[in-house]
Structures are given as structure tokens and as C-alpha cells.
Number of protein chains: 2
Amino acid sequence: MQQLIDYIEQFVRLDSETVAKLIKLAEKETYTKKQHILQQGQRCNKIWFLTKGMVRKYYLSEGKEITIWIHTGNETFTSLQSYAQNMPAEEYLQACEDTEVISITRSNSEKLAHYPQIAAFVNAMMGREFANIDRHSRELSQRDARGKYEYLSKIAPEVVKRAKLGHIASLLGISQETLCRIRRG
Amino acid sequence: MQQLIDYIEQFVRLDSETVAKLIKLAEKETYTKKQHILQQGQRCNKIWFLTKGMVRKYYLSEGKEITIWIHTGNETFTSLQSYAQNMPAEEYLQACEDTEVISITRSNSEKLAHYPQIAAFVNAMMGREFANIDRHSRELSQRDARGKYEYLSKIAPEVVKRAKLGHIASLLGISQETLCRIRRG
DNA sequence: GCCATTTTTTGACATAGATCAAAGAAATCC
DNA sequence: GGATTTCTTTGATCTATGTCAAAAAATGGC
């Protein structure tokens, strides 16, 4: 839980009352390797914060898994489309290792939003996430296979270190054979 | 101005007081073809709503213009990174035709945010935009050249009709020769 | 510890799409 | 309205990367 508080305090200072409320409304969850945190078709009504392990976001396209992103630590994640617009999720969230997260439901999140520090944090965090997705998709769409891999290595070294080759290749939009050859040198 | 009000009312109902305030704090701007609305390096402190014309968002990479998106009507746009985090913009915003927009400065936007309908609108709109960017970058990264073009034709037919071939090709991340050949059939 | 399954590596081959160059069209400018 | 610049089209290569197939390595189950 301290990890989440530290993360939030990167953005805003928290007073003890707000911290107490947060602890009350957040829940710890654990998942084993390969377990799904969210399945396609479910309505996603939580935001998670990853404290340990690794989580992969992917969807199915013509039967094949397309990896969208891999989270490795101290990050929030959710199916934004589903959470924000209360629609069935298009993607899966799956633990790639034994994983621990802190979850906050939408209704608890709404309660917390009355605390101005939390509201400010959510705005700042969302703004940053938005900008990140924007930049990453831009960078990954412009570079060749090696450039994509180098970019990912720079911004997400843990992913490159811990995730499976096939998942990384899919995330980069290249074949795993090509990624293997890039790594060979 | 009515166009902006109609747009907002897709998301929330507005009462007459809120409308009056909005009209007071929003400004009309016009740009001629090729004129820049925002230059790289500037701090972007406005959100715009496009009422007429066409606006291209692009950045420079090794001296070459990379088109990020092209707006054709009844859409909001800004340099989100710059606006939200008060940083120098990485991208340019340029009118591709004679263009009319409605602008709202950050400070006026903050005043308007006290009106709950406006705050709700901004949240809903941001959520939708976020989900759109997310989906588009996913779709465009997975398809081959023809598939990318067909996807763009479906979601943004006006762009495909009115924008220059080279700009469309750049937006899709393909060469203009390839796009030309795709169009030929 | 051994067998089954999954993942990674390697090689051979095919091809979509990039690049280069030059001609043809269209837009823009006094 | 002719000249100049910009944009689009076409053709001829060239290359990065995908696909297929099969071996090697790693992982997991019991």
C-alpha cells in the first residue's frame, strides 16, 4: 500500500486523512501466473495499481493474441474504454508472473474524488498517461524493427528483460523471428 | 459558436447561464491556408474547436514532416502534452485550408470548469478522445498499407477526400508512392 | 529426474513496400 | 495566362521483414 502512496505523492502531497480514506477504500488482490485479471467482454469497474509482478494487456484478432502493452511495476492500469464508458472490454488483462495489485472500484474512486488531492492526482496521472500513449504509439509507428526495439529498451527496460520474446514482438508489431535476430545482433 | 454548443450538447445538456458564460469566454479565430496555429517550441495554452477548414498536426523528424493527425470539422484539438503539462510543444498545428476555429484559453477553461455541465463535458470528451487515439493507433499499427487506408477512409472520409496525398501517406506511415498505387486500384 | 509442452533460434525463401528518378498534372503567382 | 513551383503518378530496382519449417533450448508437471 505504501507503494501506491509513494506513487501518488510523486504528483501531489497527501494529508493523513486522505491517506486513511485511501487505505480504507483500496483493496489488495493477488493473481498467479497466467491468471486473467480482466477478460474480454467483461465490464471493467476498477483501476489497478501494480505493486509486484507483470501484467500484459492484449486482444484477439483473427484468433491471434495482439499484445498492447506490458506493465512491470508501480504503474496504474485498467481497460480505459470499458472503465470510462462502461462498455464491455475489448481486451484481456493477464498476469504474466505471480502478481500483486491494489484495486480501487469505480464507486470507491468516486468517493475518493471528493478529496481534492486525489482529484488533482487523477487529473495529473491521466494527463501523463494520455501523453505517454500518444508518444509511444507515435515512436513505434515511425521506426524500423530495430529502432522499435531500441526505443522500448529505453522506455521500458524491465519489459524487455522479463517479458517473453513473443509478447515483446507482438507489442512492437514485428515477428518473433525478426526480434530474435535483432537480439542476436 | 452554435456549432460548439451543439457539439457539447452531444455529451451534456447546457442551461442558458452556462451557454452565456461559454460565449463570453470563447473566442473566434481565423487562419489562412498554410498558416500555423501553433509552432513547435511554443507553450500551448488553448484548446480549439474546429468550425470550418482543416488542421494538420505534425512534427519534424530528421527534417521531415511527420503528420500525426488531420482534423476536418466539429472536433476539438490542442497539443495535449503542452497544454496539460505546460511544456513546449513538440508539434505544429497548421491550417491546410482557410480555417475558422473557436479557442478557449486555459485560464478561461478553468473558470468554465466550475460549471458542472462543462466539467462533465470535458471529462466525457477527454475520455472519448483518449479511447479514439488508443484505438486508431492500434488499428493503424496492425494493418498492411491497403488496410490502413481503408480504415482511415472509414473513420475519416473527409480527410481522405480533402487532404493532400503526401499528408495522408505520412499519417498512415506509408510512402506516398504506395498510397498512390493503392488509390489507382 | 524424465517426459511433454512451450518458447526460442536458425535457415531458406517470398514479397510488400521503400527508395530513386523522371515525367505528367495541378496549383499558385505575378 | 504563361511561368514556376508544388504535387501526383509511373516504372525500375532493392531491401527489410514476414512466413514456413524444423531443430534446439528452456520450462513445467508429476
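Chain letters run A, B, ... following the sequence lines, proteins first and then strands; every chain starts at 1.
The backbone N or O of B:L14 sits less than 3.5 Å from a side-chain atom of B:E9, completing a donor-acceptor pair.
Distance, B:E65 CD to D:dT6 P: 12 Å, rounded to whole Å. Across the protein-nucleic acid pair, A:E177 atom CD and D:dA24 atom P stand 17 Å apart, rounded to whole Å. Atom-to-atom, CG of B:L179 to C1' of C:dT19 comes out at 16 Å; the value is rounded to the nearest Å. Look at CG on A:D98: it is 13 Å from C1' on D:dG28, rounded to the nearest Å. One atom, CD of A:Q142, and another, P of C:dA18, lie 11 Å apart when rounded to the nearest Å. As a whole-Å value, the separation of A:H167 NE2 from D:dT27 P is 15 Å. The separation between A:R143 atom CZ and D:dA16 atom C1' is 17 Å, rounded to whole Å.
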Inset, instruction - Quick one: do A:R143 and A:E150 satisfy salt bridge (Lys or Arg N to Asp or Glu O under 4.0 Å)? Show the steps, please. - result: CA-CA 10 Å; A:R143 298 166 181 251; A:E150 284 167 358; 5.7 Å; no

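One cannot find a donor-acceptor pair under 3.5 Å joining the base of C:dG17 and the side-chain atoms of B:R146. Counting atom types as modelled, B:Q176 pairs no side-chain N or O with a base atom of D:dC7 as donor and acceptor under 3.5 Å.
Contact check, A:K164 against D:dT27: no side-chain N or O comes under 4.0 Å of OP1 or OP2. Put simply, A:R181 has no side-chain N or O that comes within less than 4.0 Å of OP1 or OP2 on D:dT17.
In terms of position along DNA chain C, the nucleotide closest to B:I182 lies nearer the 5' end than the nucleotide closest to the other residue of the pair B:I182 and B:K33. Mapping B:K34 and B:D144 onto DNA chain C via the closest heavy atom, the residue that lands nearer the 5' end is B:D144. Nearest-nucleotide positions on DNA chain D for A:A145 and B:T178 put B:T178 closer to the 5' end.
With D:dG11, C:dT28, D:dG18 as the choices, the nucleotide that has an atom nearest any side-chain atom of B:R184 turns out to be D:dG11. Here D:dT9 is the nucleotide among C:dC20, D:dT9, D:dG18 with the atom lying nearest to any side-chain atom of B:L165.
Salt-bridge check for A:R56 with A:E65: passed, with a basic side-chain N closer than 4.0 Å to an acidic carboxylate O.
The hydrophobic cluster containing B:L80 also contains B:F49, counting ILVMFWY residues as joined when their side-chain heavy atoms lie under 4.5 angstrom apart, directly or transitively.
Using a 4.0 Å heavy-atom distance criterion, A:G147 is classed as making no nucleic acid contact.
Annotation: cation-pi pair B:R138/A:Y59 present, NZ/CZ under 6.0 Å from the ring centroid and within 45° of its normal.
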